[in-house]
Amino acid sequence: MTSAAAQKPLLVVADDDPAARTRVEEELERRYGADYAVRGCATAEMRSVLDRARERGTVVAVVLAAGEEGASLLDGVRQLHPAARRGLLIPWLGWMDRRLAGVVLRAMERGWIDLYVLRPARRADEIFHRTIAELLQESARLQGEGPSGATVVGDPRSPRAHELRTTLAGLGIPHRAREPDAGSRGRAPAVTLADGQVLTDPSAAELTAALGFPIALDPKDTAADLVVVGAGPAGLAAAVTAASEGLTTIVLDGGAVGGQAGSSSLIRNYLGFPRGLSGGELAQRMYQQAWLFGTRFRLTQRAVALERCDGSLVVRSADGLEVSAGAVVLALGVEYRRLDAPGVAALEGAGVLYGASVSEAQALAGEDVYVVGGGNSAGQAALHLARYARRVSVVVRGENLEATMSRYLIDAIAGTSNVGVRVRTTVARAVGEGRLEGLDLTDGATGQTVQVEAAALVLLIGAHPHTEWLPAEVARDGRGYLLTGADAGAARQLETSLPGVFAAGDVRAGSVKRVAAAAGDGALAVTNVHAYRGAA
């Protein structure tokens, strides 16, 4: 390998079949040779190739391997090269071979690979190249070297810098984090946009507007057929469905698009994305789809009132703007619960985090991280953080994860060497001066408390609905979730006790707390809206 090639990110192909390996190498070299170095080797040599790349500081972007031995060896790639994407090479129709299919499924379940990759069947095999291009894009994103819409310049442990990164992650904007130079330390954080614009300590609304997202409506154009409150998966699905079926639609949200799902680092059980995608990317796709159908959006202003006036339903936002429609879908989602333990509130944003974006995870390279929570969001965060952190510990109050987490995540955690689970454990105190330094953990079985070093505490301990602003006519259960259908005495499945007002997604009592279920709720709510409009 020439010295110039050594500076290029590496694409590794490990295969004991020389002819098959050469075919893959040639396809990669022909398409990507200008920007990447391609290295082929036997399966047994793969580890030494990766070790040498690490010693030389060479970035490894994608590793492809074949066979059962190759699948098991791919498990070790993540520790050496956290941002490398791992693919198991299989032939066309390989899934029909029961033994090979078993290898693929086992490798996916255990988290050894990111996806299987069909070997190129011919020159310029675009199915092969589509998969490789997506893997390269993901690798660049994880390394912070892909397309970036913004760079946050500030102390990585600063609460304000954390807030800015959270806003960008919620908007689905790829971004990077950079520490300030010596002369700028101690100043307020700034955001540099892709067009060169610099925003110093911007508010969420200022940053959202600068990135081209709508934070205002024309005061003369505030009436619609349907108002959707909430821009998470349920609200965006309702907007796509309604607007595509000819209903004029307005979406209001107090934050950004994506809701709580927008902070998920990887969602692997959403239909149609076998390799998975981030919550931010999913939110961006949904937002663009709704916008292209003509949906109007207004972000960063919370809804504070809902009432019926002159035959219409009126929603008022915190700054006094009123939007009216014949029907309303409440897709309010839920908000992360705060942990009520000494020291936690004071260190929020300075090591205590709610959710973990790519840039947050990269800042924790080589550190010890604790994730509190037993749901899917906690499992996704733990696996994402494990790419960078020295050790990730999942802390749960219960006996195990089985009752609250999807099987594929439990299996992936079990198969990731630097992730552990501490059951029957609670966080008693967060310790640190200006930044998190340690945690007091209490064993629920023995009552004993131990102190551990920790650079980050990621809290994903359930959620509560933000429904206290709704009028009394909208019935709720004891925890504030919205009753619908027969439980609310309503005529339609997702209708609340206030006619013409529907609930969708996590805010609905009895809903399944999954992204796909929320999106299904949003679409079904629009079917209910049509029925309501037809009966009116």
Side-chain angles (χ1 to χ4, degrees), residues 166-167 169-173 213 226-245 247 249-293 295 297-299 303 328-336 354-355 357 375-381 406 409 460 462-467 481-482 484 493-494 502-529:
T166 299
T167 298
L171 290 167
I173 299 296
F213 289 87
L226 176 67
V227 169
V228 179
V229 186
L236 292 171
V240 168
T241 306
S244 69
E245 294 175 359
L247 298 180
T249 305
I250 294 174
V251 175
L252 308 175
D253 195 284
V257 295
Q260 193 180 49
S263 65
S264 293
S265 55
L266 184 67
I267 301 170
R268 263 199 55 210
N269 60 349
Y270 193 76
L271 190 65
F273 295 91
R275 197 175 60 258
L277 77 171
S278 70
E281 183 181 358
L282 178 61
Q284 266 292 303
R285 294 184 183 208
M286 287 180 162
Y287 166 76
Q288 291 168 10
Q289 196 171 5
W291 180 77
L292 288 169
F293 277 121
T295 300
F297 285 82
R298 187 170 194 254
L299 305 175
V328 171
V329 172
L330 298 173
L332 306 173
V334 290
E335 298 177 349
Y336 288 122
Y354 291 87
S357 67
N376 278 11
S377 294
Q380 291 158 357
S406 292
L409 287 168
L460 297 160
H464 64 90
H466 173 56
T467 57
Y481 289 90
L482 303 182
T484 57
Q493 186 178 356
L494 298 187
F502 302 83
D506 289 1
V507 76
R508 182 173 64 82
S511 64
V512 177
K513 305 301 187 281
R514 294 289 185 268
V515 174
D521 256 19
L524 179 58
V526 176
T527 300
N528 283 196
V529 169

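- Looking at heavy atoms from C-beta onward, L494 lies in side-chain contact with R508 at the 4.5 angstrom threshold.
- Interatomic distance, I173 CD1 to E281 CD, rounded to the nearest 0.5 Å: 12.0 Å.
- With sequence neighbours excluded, no residue forms a side-chain hydrogen bond (donor to acceptor under 3.5 Å, both in side chains) with T467.
- Taking the ring pair (Phe, Tyr, Trp, His ring centres under 6.0 Å) definition, one finds that Y481 meets it with nothing, sequence neighbours left out.
- Remark: the backbone N or O of L247 is paired with a side-chain donor or acceptor of T249 at under 3.5 angstrom.
- Applying the side chain to side chain contact (heavy atoms under 4.5 Å, CB included) criterion to A290, with sequence neighbours excluded, gives A239, V240, T295, F297.
- Among residues two or more places apart in sequence or in another chain, the salt bridge (charged side-chain N to carboxylate O under 4.0 Å, His left out) test is passed with R514 by none.
- With sequence neighbours left out, the side chain to side chain contact (heavy atoms under 4.5 Å, CB included) criterion links V515 to P233, A261, I267, Y270, L282.
- For the residue pair S511 / D506, no side-chain donor-acceptor distance below 3.5 Å is found, with atom types taken as modelled.
- Q288 pairs by the side-chain hydrogen bond (donor to acceptor under 3.5 Å, both in side chains) definition with Q284, not counting sequence neighbours.
- Every residue two or more places apart in sequence or in another chain was checked for a salt bridge (charged side-chain N to carboxylate O under 4.0 Å, His left out) with D253, and none qualifies.
- With sequence neighbours excluded, no residue forms a side-chain hydrogen bond (donor to acceptor under 3.5 Å, both in side chains) with N528.
- A search for side-chain hydrogen bond (donor to acceptor under 3.5 Å, both in side chains) contacts involving E245 returns H530, not counting sequence neighbours.
- A234 meets the side chain to side chain contact (heavy atoms under 4.5 Å, CB included) test with A331, A504, A518; sequence neighbours excluded.
- If you take CG on L292 and OH on Y287, they are separated by 9.5 Å, rounding to the nearest 0.5 Å.
- Between L409 and G379, the closest heavy-atom pair is CD2-C, 4.2 Å.
- Within the 4.5 Å cutoff, the side chain of V329 has heavy atoms near those of the V529 side chain.
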